[in-house]
Amino acid sequence: KRSVGARTRDAVIEAWIMGLLSGPKTHIVNTMSNTSVIFLQMMERGAAARISKLLGGDAGVEMGEATAQLFGAISGIKDALKFAGRSLRTGESGFGLGKIDVPRQGAISSEAFQIASDTGLGRAVDFIGNVANVPGRLLNAEDEFFKTIGYRMELHARSLRQAAQEVHAGKITPEDFKGRIADLIEHPPEDLRLAATDAALYQTFTNKNGKFATALRKLADADPSGFARVLLPFVRTPSNILKFSFERTPFAPLMGQVLADIAAGGARRDLALARMATGSAIMLATADLTMSGSITGGGPDNASRRSAMMRQGWQPYSVKIGDRYFAYNRADPLGMTMGLAADLVEILQNSDGANAGEVE
């Protein structure tokens, strides 16, 4: 780890990963993706409240939590901008985890190469490192903005839920309801603060990975050559997006965590069912639009046929508006959900034709 070769390897990996993040499109996609998740969370919270009302029981999602999330998002913009600016200046995150899977950040620096920082060579290395890390700092700043928004959204929703439950239990009067919400937001207890932090990480796909993704990342980090890190530059975010998307399909009960949430009852059950319901609704709408030709999936497996379609203007994983195609495949997690539905429809549509061709 102290050798020149190891330090050079870390610097090359850092430069490679930052280079992958240097395109403006990456940051536009990241911003749009996080913004779409904010509205998706509100929609799911509203659906969860109605599911809770329908199924009954204690400790469920309360009516009004979606509105509380909206208020939390709007009221948190000022702090979100402040924390994003601080992250941009310092490169640090107040939430700890980020999207960049680099074994050692700051690998391009005079300190990493054990060069005196007050020398000309040291200042040159630090300057190169600062320039190379600009894309990473931008991404961290974007995430810090949306993490702060997500934190405030969940804090406001959870505060409303707890205050409502205290009213139901007779601990406070209805007249004290609003004041209790304000007090919980101003002085959140530990459980509310931790729940809001977890929600912020979940919304930005920076929460901790499961066992498989963690093992995969450790395997890549253990490669002394660094080649595995080049092949797998990102693990945490893609795996979290995949999990986030799968939770919003009819197949979600295949996941142990989803089954545990449903079995737990209360708000966990309501939210798990709401995610499946809203995600399935998006898939059904996408399937209908795919059948009408307004949305495309991956297209036919036949390479020549696919190339011919693309020469005529057709575009995979896109929404067709008029004669133009607009790609949605990078708008994850919604893009992944839509792509799955579109692919399933195209497989069903093409299966009869493929079988007929084999018979002929």
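- Atom CG of Asn130 has more than 12 heavy atoms from other residues, nucleotides or ligands within 6.0 Å.
- Annotation: the span from Phe205 atom CZ to Thr237 atom OG1 amounts to 8.5 Å, rounded to 0.5 Å.
- Under a hydrophobic-cluster definition in which Ile, Leu, Val, Met, Phe, Trp and Tyr are linked whenever side-chain heavy atoms come within less than 4.5 Å, directly or via other members, Met338 and Leu40 are assigned to the same cluster.
- Looking at Glu144 and Arg137, no side-chain N of the basic residue comes within less than 4.0 Å of a carboxylate O on the acidic one, giving no salt bridge.
- Between the Ser87 side chain and the Phe83 main chain, no donor and acceptor come within less than 3.5 Å of each other.
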Inset, instruction - In sequence, state the C-alpha distance, the side-chain angles, and the governing distance for Asp126 and Arg123, and then conclude on salt bridge (charged side-chain N to carboxylate O under 4.0 Å, His left out). - result: CA-CA 5 Å; Asp126 286 337; Arg123 285 192 289 269; over 6 Å; no

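- The hydrophobic cluster containing Leu340 also includes Met283, Leu344, under a criterion of side-chain heavy atoms closer than 4.5 Å among ILVMFWY residues, counted directly or through chains of members.
- Nearest heavy-atom pair, Leu184 versus Pro189, reported as atom, atom and distance to 0.1 Å: CD2-CD, 3.9 Å.
- Both Met153 and Leu81 belong to a single network of hydrophobic side chains, linked directly or stepwise wherever heavy atoms of I, L, V, M, F, W or Y lie under 4.5 Å apart.
- Counting heavy atoms from C-beta outward, Thr337 and Thr286 have side chains that stay 4.5 Å or more apart.
- Across Gly210 and Thr214, no two heavy atoms sit closer than the pair O-OG1, 2.7 Å.
- Within the 4.5 Å cutoff, the side chain of Val37 has heavy atoms near those of the Phe244 side chain.
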Inset, instruction - Quick one: do Arg45 and Met42 satisfy side chain to side chain contact (heavy atoms under 4.5 Å, CB included)? Show the steps, please. - result: CA-CA 5 Å; Arg45 194 60 61 100; Met42 295 178 192; 5.7 Å; no

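- Taking all atoms of both residues into account, the shortest heavy-atom contact from Pro253 to Leu259 is O-CG, 3.1 Å.
- Residues Arg50 and Lys53 have side chains not in contact (no heavy-atom distance under 4.5 Å, counting atoms from C-beta outward).
- Taking both residues in full, the closest heavy atoms of Ala287 and Ala341 are given as N-CB, 4.4 Å, listed atom of the first, atom of the second, then distance.
- The two residues Val131 and Pro135 make their nearest non-hydrogen contact at O-CD, 4.1 Å.
- Cluster partners of Val134, using a side-chain heavy-atom cutoff of under 4.5 Å among ILVMFWY residues and allowing indirect links, are Leu88, Leu138.
- In this structure, the separation between CZ on Phe251 and OG on Ser280 is 8.5 Å, given to the nearest 0.5 Å.
- Under the 3.5 Å distance criterion, the side-chain polar atoms of Ser110 are left unmatched by any main-chain donor or acceptor of Val125.
- Residues Glu142 and Phe145 fail the side-chain proximity criterion, which asks for heavy atoms closer than 4.5 Å.
- In terms of heavy atoms, Leu160 sits closest to Gly64 at CD1-O, 3.8 Å.
- The distance from the OG atom of Ser159 to the NE2 atom of His187 is 11.5 Å, given to the nearest 0.5 Å.
- To the nearest 0.5 Å, atoms CE (Met276) and CD1 (Ile262) are separated by 4.0 Å.
- Within a 6.0 Å radius of CE in Met63, more than 12 heavy atoms belonging to other residues, nucleotides or ligands are found.
- One hydrophobic cluster, built from ILVMFWY side chains closer than 4.5 Å, cannot hold both Met43 and Leu271; they sit in different ones.
- Under a 4.0 Å N-O distance rule, the pair Asp10/Arg7 does not qualify as a salt bridge.
- A donor-acceptor pair under 3.5 Å is formed between the side chain of Ser318 and the backbone N or O of Pro316.
- Looking at Leu20 and Phe234, their side chains come closer than 4.5 Å, going by heavy atoms from C-beta outward.
- Side-chain heavy atoms closer than 4.5 Å link hydrophobic residues (I, L, V, M, F, W, Y) into clusters, and following such links, even through other members, never connects Leu139 to Ile28.
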Legend entry - Trace of the side chain to side chain contact (heavy atoms under 4.5 Å, CB included) decision for Leu55 with Arg269: CA-CA 10 Å; Leu55 298 179; Arg269 173 203 62 193; 3.7 Å; yes

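- Between Tyr317 and Tyr328, the ring-plane angle classifies as perpendicular under the 30° and 60° cut-offs.
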Inset, instruction - Kindly determine whether Glu166 and Gln162 satisfy side-chain hydrogen bond (donor to acceptor under 3.5 Å, both in side chains), including the steps that lead there. - result: CA-CA 6 Å; Glu166 289 176 359; Gln162 181 167 325; 3.3 Å; yes

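- In terms of modelled atom types and a separation under 3.5 Å, the side chain of Thr204 and the main chain of Ala200 share a donor-acceptor contact.
- Under the rule for a ring pair (Phe, Tyr, Trp, His ring centres under 6.0 Å), the partners of Phe71 that lie at least two apart in sequence or sit in another chain are His156.
- Distance alone, capped at 3.5 Å, places no donor-acceptor pair between the Asp261 side chain and the Arg268 backbone.
- Residues Leu201 and Leu194 do not share a hydrophobic cluster, defined by chaining ILVMFWY side chains whose heavy atoms lie under 4.5 Å apart.
- Panel note: side chain Ser245, backbone Leu242; no donor-acceptor pair is recorded below 3.5 Å.
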Inset, instruction - Mind running side chain to side chain contact (heavy atoms under 4.5 Å, CB included) on Arg306 and Trp314 for me, showing each step along the way? - result: CA-CA 9 Å; Arg306 194 169 183 270; Trp314 179 87; 4.2 Å; yes

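- For the pair Gln349/Met291, a side-chain contact is recorded, criterion being any heavy-atom separation below 4.5 Å from C-beta on.
- Considering only heavy atoms from C-beta on, Pro300 comes within 4.5 Å of Met309 through its side chain.
- Here the side chain of Glu44 pairs no donor or acceptor atom with the backbone of Ala274 at under 3.5 angstrom.
- In this structure a side-chain-to-backbone donor-acceptor pair under 3.5 Å is missing from Ser52 to Ala49.
- Taking CD of Glu154 as the start and CD of Gln203 as the end, the distance is 7.5 Å to the nearest 0.5 Å.
- Between atom OG1 of residue Thr278 and atom CD of residue Gln41 there is a gap of 9.0 Å, rounded to the nearest 0.5 Å.
- In this structure, Asp270 contributes its side chain and Ile51 its backbone to no donor-acceptor pair below 3.5 Å.
- Looking only at side-chain heavy atoms (C-beta outward), Val258 and Arg275 stay at 4.5 Å or farther from each other.
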Inset, instruction - Using the side chain to side chain contact (heavy atoms under 4.5 Å, CB included) rule, take Asn30 and Asp143 through it: C-alpha gap first, then chi angles, then the decisive distance, then the call. - result: CA-CA 8 Å; Asn30 184 54; Asp143 281 351; 3.6 Å; yes

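- Although no hydrogens or angles enter the test, the distance criterion places a donor-acceptor pair under 3.5 Å between the side chain of Glu14 and the main chain of Ala107.
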